Amino acid sequence: MSDTDEVGEEVTAEDGYTDDAVITHAHGAGGGQMTELIESLAVSRFAESEADVGLAALDDGSVQPIDDDHSVVVTTDSHVVTPLFFRGGDIGRLAVSGTVNDLAMMGATEPLALTSSLIIEAGTPQSTVERVTESMREACEEAGTTVTTGDTKVMGSDEIDTLAINTTGVGIVPRGEHVPDAGLSVGDKLIVSGTIGDHGISLLSEREGFDFGGDLESDVQPVNDLVRAAMDAGEVTAMKDPTRGGLATVLNEMASKADVGIDVEDASVPVSGAVSSAGEVLGIEPFDVACEGVVVMGVTGEDAEDVLDALRDNSKGEDAAIVGEVVEDHTGQVVLDTGFGRRYLSPPEGEQLPRIC
Amino acid sequence: MATNADAGEGELKFRDPEKAERLTDELDALMDEIGEPVNVMHVCGSHEQAIAKFGLRSILPDDLTVRMGPGCPVCVTNMPEVDEAVALAEDGHVVATYGDMFRVPGTKKSLADAKDEGADVRVVYSASEAAEIAEDEPDREVIFFATGFETTAAPTAAVLTSDPPENFSVLSAHKYVPPAMEVVAEMPDTDVDGFLAAGHAATITGYGLFEDFVSEYDTPAVVGGFEPIDILYGLARLLEFIRDGEAGLENAYPRCVSEEGNVPAKETMWEVFETTSGEWRGIAEIPQANLVLSTEYAEYDARERFDIEPEEGAIDPLTEQCITGDIMAGKADPTECELFGEECTPQDPVGASMVSSEGTCKIWLEYGGQPDL
């Protein structure tokens, strides 16, 4: 929509919406429709701030200078998940890890503090909420931070499904040392810090009632320590955590934001045997689903091996691998070498539905 | 992908890039001997998936074109069939269906649209899961909107022969592949030198079924599996037939497919279903290729049990521009459609082949189709 639109003014079909257009699940699925929605609803309304990284960058958080030497990094995330308690974690661990990791993706690996806002459905057992908050405490301890302010709201039983948590995180980085997601250059190597698809495939199979044995579980964890180790070992040029939309989505975002191409070698991408098999059964690609404890980083060619070693020295990074490199060709696109031939690795569109045969 | 658990020997065997290279060398040599362009049609979304996912088109000889025919059961499901399912859901019944079917547009809306408006539509993995819903919710009428070829028709039949709950019924949109291959082979503007037949449908029907087909249409056919090596091997056998001018038949998927197929599954399928003629979306009226419940199972036939009155409406003008019929008939590539990736995306599909993961359009959008890489 145009700059002159005001809040509340009717949005017309000319702006890409029909009068009866509604928000659908696709708008929250992390794909193109979500980006369009954010750009048209939010980015166009809130004036450019003096930030080094502002809203328009659609990065994991904002970076705002506070004096000549420091910038403050802020990020916020709302969390809903079904089921609340899943193999490998729960909504509390997810809410803390998600926000700590988004700060880390900007280079702020020592989170100053988090806020926590809980919206709870009336009738939810107190013990459920207690389990969740205890899990948040543990995750905070792991990440070296704590919750310093919060809010609690209770809603009617038909107004919300059990529990939603919003967390906001604040961190400080030396001015100019933040890591944008748009910083890739030709020649950089791409490193993935751990096996991909664990969170998404595990939750999907749990939700659908599939039991693939005991090996599948979410990887949800704070990775700020891992990111710090990498940044100390070499020059990290761009970073993202492949949450919604998975590795395929973040690689495409990184390629198009930096106006470069990315080549990925399938055989180098770390995937657990359990995720790989379950993905084949469900007809869902591990590339397309969320990870909650993994980071994708661009590293200069000369530092790549050092950063890889540093990651592998950390228990959270023992499966880390160089999966590809930044190239001049096919700008804005990701090409996968499957070992047989080459094809595009495109971001998934919308929700992942299991297939028929 | 690098799996950190021990991969089974079977997987390695059929995903061995070195073997693939030897097979592509063989394909190159065969194409040299043939000396002219060759068109191969496969009739299965899973083949298209594997070809695209493993990037096989980037290593095939330039003048060997491998195109998908009417191989996506979801894609050939006709709009009025979707309309029937939508009408049943809107009448307050539970409609259970496969995930692929969920967003396929009917004349006015898809089951996903109906669900957004409050209808009770459930995505299931199997006919038996739909029957379980009926068992768990005896006060509701549960209708399984059954789609797919022989591979899913046989399991639907198995549920119906094992005394399902009374509140369970089936709205069949099942299809039967062989007559469709005949129709495509007869189409004057389809130029097919050989067919790569679908291995999984053949696990049920048996490859013997194709014997009459190859002689009648004087076109060779090879039954192929779905791993990269299976596909390349199947193509090599097909090119040999084409080089020799022989309308031969070969089973290149012997670890799953036999000559007679799965006899008990076939018996169950033909006990429950009978064929009737019907429109395959966008392609043609195809004789004896729709599977409907036989009179013996009429009590479970949703079309008998309910008075289904689909809402009438005008077809979306975009639908008129959709070339899914030509794509399914193997006459056009998705990239030849003006709507491809623009007005038509998996989230907001115009044609069914943009919905299903078995659909050519969706597969091409996801993997780049015929990339120039």
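Please read these numbers as outputs of a predicted model, since none were measured by experiment.
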Give the minimum heavy-atom separation between [X] and [Y], together with the two atoms involved.
X        : Y        : value
B:Leu365 : A:Ser346 : O-OG, 3.5 Å
B:Gly55  : A:Thr338 : N-CG2, 4.1 Å
B:Pro17  : A:Gly339 : CB-O, 3.2 Å

- prompt: Are A:Leu336 and B:Tyr367 close enough that some pair of their side-chain heavy atoms sits under 4.5 Å apart?
  reply: no
message: As an exercise, state the distance from CG of A:Leu345 to CD of B:Glu366, rounded to the nearest 0.5 Å.
response: 9.0 Å
A:Phe340 CZ to B:Lys19 NZ distance, which is reported to the nearest 0.5 Å: 10.0 Å
Does a sphere of radius 6.0 Å around [atom1] in [X] hold more than 12 heavy atoms from other residues, nucleotides or ligands, not counting ones at 6.0 Å or beyond?
X        : atom1 : value
B:Glu343 : CD    : yes
B:Glu18  : CD    : no
B:Asp136 : CG    : yes

query: Quick check: does any side chain N or O of B:Ser58 sit under 3.5 Å from a backbone N or O of A:Arg342, one acting as donor and the other as acceptor?
result: yes
